[in-house]
There are 2 protein chains.
Amino acid sequence: MDRRKRGAVVVSLAQTKSSVVQLRTGSLHGGLLEALRELINHGDLSPGARVPERELCARFSISRTPLREALKVLAAEGLIQLLPNRGARVATLDDSHLTELFEVIGILEAEAGRLACARMSDAAIAEVQALHYRMYAHFLREELPEYFALNQAIHQAILDGSANTVLIATYRNLAGRIVRARYMSNRLRPDRWKAAIDEHELILEALVRRDADRLASILSRHLANKRDIIMEHIHEELRGRMEKTKSRQQRMSHAETPPAVAEPAAE
Amino acid sequence: MDRRKRGAVVVSLAQTKSSVVQLRTGSLHGGLLEALRELINHGDLSPGARVPERELCARFSISRTPLREALKVLAAEGLIQLLPNRGARVATLDDSHLTELFEVIGILEAEAGRLACARMSDAAIAEVQALHYRMYAHFLREELPEYFALNQAIHQAILDGSANTVLIATYRNLAGRIVRARYMSNRLRPDRWKAAIDEHELILEALVRRDADRLASILSRHLANKRDIIMEHIHEELRGRMEKTKSRQQRMSHAETPPAVAEPAAE
DNA sequence: TATATCAAAAATGGATGCAAAATTCATGCG
DNA sequence: CGCATGAATTTTGCATCCATTTTTGATATA
């Protein structure tokens with residue numbers, strides 16, 4: 001393979017799924033970060049699992065240097081954990097950690113809402129309303145993926161409405177750590193779904209009335225509900241997993257891929 | 001120089017000041033990060049200035065690999081800016097950015113206070129009170145450095161009282177970006193100083209009464225005041241700098257060290 | 001069969017090497 | 001004197017190399 005060439009690098013990060021990702025270069029680094037985040041969030045790298053440096057190098061056709069730079073950044077972001085002389089592992093999210101993350105994310109979203117009430121233009125609010133109606137339509141047709149996409153767009157629009165880039169970036173960073181957990185509970189019981197829609201109804205109403213306190217409190221509760229749903233899912237999954245593990249065997253020595261999402265984590 | 005040896009590395013980062021820093025190793029990386037942050041916050045690396053990779057390598061007696069890893073992390077933290085193929089520069093803080101940072105930091109501190117009211121033990125609150133009295137004593141004796149140290153300790157204690165490690169870490173990250181700006185305005189006009197003390201009085205009172213709303217609002221205002229002081233200082237300094245620059249010469253071509261703290265920053 | 005021991009293999013942290021890009025600097029032209 | 005041009009130098013980004021550490025695996029021992 002030709003060694004020196006800073007051109008575009010086409011990388012197949014397919015193993016389970018056959019997605020092909022174009023690493024934008026110049027700063028190979030940036031694209032690499034995105035790709036790694038994708039791998040983690042998409043579940044190709046399970047929580048607690050060792051990050052296979054050499055293998056990833058091969059997969060991305062890059063040397064260890066840029067990969068290790070990226071890993072250091074991900075570690076700083078909290079997505080992976082770096083153990084001295086023992087490499088990187090994907091960060092696990094135990095219950096308390098998840099709770100803390102949701103708490104802070106909730107704070108930021110609520111305050112973003114407060115700021116949005118004061119700072120968004122009428123036109124911008126109208127756009128959010130439009131998103132809301134479109135989302136509602138997808139709900140009626142039970143089109144889950146489209147629903148989720150618009151749901152997220154609405155939250156993002158409110159966040160952007162805070163007009164505080166630091167707030168937005170901080171939120172993104174924290175939210176990035178729970179993407180995987182959210183991903184898992186992308187199935188909704190109909191009653192939960194309806195409840196979420198109702199909450200969104202209230203959110204829109206508060207935003208339109210520019211009632212900052214009310215919007216903040218609704219957003220906060222809305223997220224708390226989402227958190228409960230997610231945790232419920234995790235616990236269900238954990239229980240299921242435990243039963244399976246038990247029935248299959250009493251113990252396995254060193255699980256290379258431990259309990260998947262929640263883990264005691266001797267931190 | 002001996003090449004391979006992972007033992008402790010003693011590094012003299014003295015140039016202007018003769019501070020000697022011990023880089024704890026094993027993960028050379030961590031200590032390096034600290035040292036670099038110190039360099040930036042302490043002002044040895046002015047905002048906007050190029051980060052002299054090779055020179056820092058020499059100064060720390062390390063190769064470029066770990067240094068560059070550290071730079072990537074600092075960039076992710078927002079302390080420096082990485083320009084593709086053009087190296088790193090120390091991040092500049094323009095007015096709006098500083099305002100945004102203070103806004104988010106204020107949010108976090110206020111909410112931390114709210115949580116602290118609910119979660120701190122009576123004993124922990126008593127300790128904060130003790131810190132407060134000690135701080136007050138230093139104020140009376142006009143011992144500025146000791147005053148600042150205890151001031152910070154009190155804010156940290158309240159933050160810790162939130163019992164949310166994510167919140168604490170997020171706060172630390174954001175606060176880390178304005179350390180330098182705070183550093184500059186470590187001179188206080190007596191009236192400001194007294195006002196700050198009064199606010200701290202109120203903070204303690206609210207905390208002791210576990211009045212979450214009140215504590216949150218006071219903390220928020222307290223920080224806003226600090227922000228105003230800092231910005232005032234920056235603007236004064238900027239004005240002074242401009243006059244000097246003007247009187248000295250009409251223009252200089254490419255300032256290697258631009259306006260120091262505030263800069264238009266074509267971001 | 002379970003555990004201790006130790007050598008082989010692999011992974012990690014860091015140093016060094018090299019091509020491409022950027023910067024500097026000298027020179028030429030208007 | 002200002003500005004364009006381009007070669008020499010420096011810097012950057014990444015690949016590769018190597019010592020140390022960790023992990024693995026085989027063998028011996030209880």
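Order of the sequence lines sets the chain letters (A, B, ...), proteins ahead of strands, with each chain counted from 1. Treat the numbers as computed from the prediction; the structure is a model and nothing was measured.
- Of the charged side-chain nitrogens involved, none lies within less than 4.0 Å of a carboxylate oxygen, so that A:Glu236 and A:Arg239 do not count as a salt-bridged pair.
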Any N/O pairs under 3.5 Å between the protein and nucleotides 9-11 of chain D? List them or say none.
{"unit_1": "D:dT11", "atom_1": "O3'", "unit_2": "B:Arg50", "atom_2": "NH2", "d": "3.3"}

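- One can place CG of B:Asn85 at 8 Å from P of D:dC14, the figure rounded to the nearest angstrom.
- With respect to the salt-bridge test (charged N to carboxylate O, under 4.0 angstrom), the residues B:Glu103 and B:Arg227 do not qualify.
- Computed from coordinates, the A:Leu71 CG to C:dT12 C1' distance equals 12 Å when rounded to whole Å.
- D:dT21 atom P lies 18 Å from atom CG of A:Leu82, rounded to whole Å.
- Checked options A:Arg177, A:Lys72, A:Arg37; the residue passing with A:Glu77 is A:Arg37 (criterion: salt bridge (Lys or Arg N to Asp or Glu O under 4.0 Å)).
- A straight line from CD of A:Glu55 to P of C:dA10 spans 15 Å, rounded to a whole angstrom.
- Between A:Leu56 atom CG and D:dC14 atom C1' there is a gap of 17 Å when expressed in whole angstrom units.
- The CD-C1' distance, from A:Glu69 to D:dA15, rounds to 12 Å in whole Å.
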Subject >> Verdict with reasoning, A:Thr165 to B:Glu100, per side-chain hydrogen bond (donor to acceptor under 3.5 Å, both in side chains) >> reply: CA-CA 7 Å; A:Thr165 61; B:Glu100 292 189 356; 2.4 Å; yes
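- Put simply, CG on A:Leu67 is 13 Å from C1' on C:dA11, counting in whole angstrom units.
- Computed from coordinates, the A:Leu83 CG to D:dT23 P distance equals 9 Å when rounded to whole Å.
- Residues forming a side-chain hydrogen bond (donor to acceptor under 3.5 Å, both in side chains) with B:Glu146 (at least two apart in sequence, or on another chain): none.
- Side-chain N/O atoms of B:Thr65 include none lying less than 4.0 angstrom from OP1 or OP2 on C:dG14.
- When the nucleotides D:dA15, C:dT12, C:dA15 are ranked by their closest atom to the side chain of B:Ser63, C:dA15 comes out on top.
- Using modelled atom types, no side-chain atom of B:Asn173 and backbone atom of B:Ala169 make a donor-acceptor pair closer than 3.5 Å.
- B:Arg64 pairs with exactly one of B:Glu53, B:Glu69, B:Glu55 by the salt bridge (Lys or Arg N to Asp or Glu O under 4.0 Å) rule, that one being B:Glu53.
- Here the nucleotide nearest the side chain of A:Arg64, chosen from D:dT21, C:dA15, C:dG14, is C:dG14.
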